[in-house]
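Step one of this worksheet: look at the structure below.
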Amino acid sequence: MKGMKLWAFLFTATLMSAEPVSNPAEWSKEARKETLTVFQREVYGVNPAGKVASEWVLDRERKVMEGTVVQREYVLTLGGTLKVRALLYLPVGKKDVPVFLGLNFRGNHTVEDGEWITKANDEKRGKAVGRWPVEMITKAGFGLVTIHCDDFDPDEDDGFKNGVHALFEGERNGTSWGTIAGWAWGLSQVREKLEMVPEVDAEKVVVIGHSRLGKTALWAGASDEKFAMVISNNSGCGGAALSKRKHGETVARINKVFPHWFAGNFRKYGDKEETLPVDQHQLIACIAPRPVYVASASKDDWADPEGEFLALKMAAPAWGEVLGEMPEPGGEVGKAGKVRYHLREGKHDIKEWDWERYLEAAKELL
Ligand code: GCU
């Protein structure tokens, strides 16, 4: 380890050599760039070059929670054709509001009970209300922005004919972007537009996601340095969990069941994880020096809680931090630093218990 540059360590680290190092400065811009290039080529795919025209228009607005919260729907139009509906909640009367930005699985109308939110599909209104504690978030002084992931790209293997992929021309190959990269790109588009929302501090946008959308939050936060903080909730394989452990969901299985999520190249590593040139701790390290929070759930073996914890622990040297041991269910690690972890008791989900901790961390660290 002695004399080895930190980035080279992170680059070549095996599970057995997760030794802390003392010099985070060595995790240089150059090393981060190089690492991201490998993740693009071999895991998530390369975003197409060039920009598309975009428009951000306030469509609807009302006050809720006895006038303490303003709720809005903005429409983001990409490439003149793709319409994306962003749902915002902001505490009334506050300036420079930091916001949480995350995709939702089933439509904005599932985030809240009631009839107001534009219905995205036939899913029941309010179905996901437990995952989005809007009152808690806004009372803590934060805003929330959420978008149905399907607005950016339908979560199915459609041959990349729809969503953001259809906005760009060109032949596809093994390094072309998949759906997770498309969703992450979408999050960056919205982050940029938040600069146009007067109450929001667009330099304090926390990107957050659960499960497949947690994988997306990590990729968005690692590749777009303008996200101020990154939260991965139960993101598992292709997210925070180390692929080389082959515990729970594996690379072969994820590519078989969700062939559209990653770059075609990622398939090469199914049942050959040891040949992967990178592992997920290096993705997490790309977030440094910005704060990162990884969380697992004790009954979520599929997402490999221990693999998520170890990846974070192996990445911590990039912040100059050292994490302790894997906690018991209900436990938290890294509370004094910028690299935080908790293991919620229970199943694969995102709950108020998780949000309480995310809010506390964001308050301290932004
Ligand atoms: C499946 C998938 C996971 C994913 C999860 C989800 O379980 O195998 O990789 O994280 O769905 O998004 O809920």
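Side chains are part of it too, since the values below use all heavy atoms of this structure and drop only hydrogens, waters and symmetry mates. All ligand and atom numbering here is 1-based and tracks the order in the structure.
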Parallel, tilted or perpendicular: ring planes of Y44 versus F262, cut at 30 and 60 degrees: tilted
S211, any N or O under 3.5 Å of ligand 1 N or O: yes
Heteroatom proximity flag, E249 to ligand 1, N/O under 3.5 Å: yes
List every atom of ligand 1 that sits less than 4.0 Å from any heavy atom of [X], numbering the atoms from 1 in the order shown and giving each element.
X	result
I254	9 (O)
K215	3 (C), 4 (C), 9 (O), 10 (O)
F105	12 (O)

Residue of the set R106, E352, H210, K351 for which side chain to side chain contact (heavy atoms under 4.5 Å, CB included) holds with R131: H210
Non-hydrogen atom of H348 closer than 4.0 Å to ligand 1: yes
Min heavy-atom dist H210 to ligand 1 below 4.0 Å: no
Cationic N near anionic O, under 4.0 Å, E273 to K244: no
Backbone of F227 reached by a side-chain donor or acceptor of R290 within 3.5 Å: yes
Single-linkage hydrophobic cluster, 4.5 Å side-chain cutoff, Y358 and L187 together: no
Donor-acceptor side-chain pairing of T179 and D153 below 3.5 angstrom: yes
Minimum heavy-atom distance between A202 and E195, given as atom pair plus value: CB-CG, 3.4 Å
Considering non-hydrogen atoms of the protein only, which is the closest contact for [atom], and what is the distance?
atom	result
atom 7 (O) of ligand 1	W302 NE1, 3.3 Å
atom 2 (C) of ligand 1	F258 CE1, 3.4 Å
atom 11 (O) of ligand 1	R212 NH2, 3.0 Å

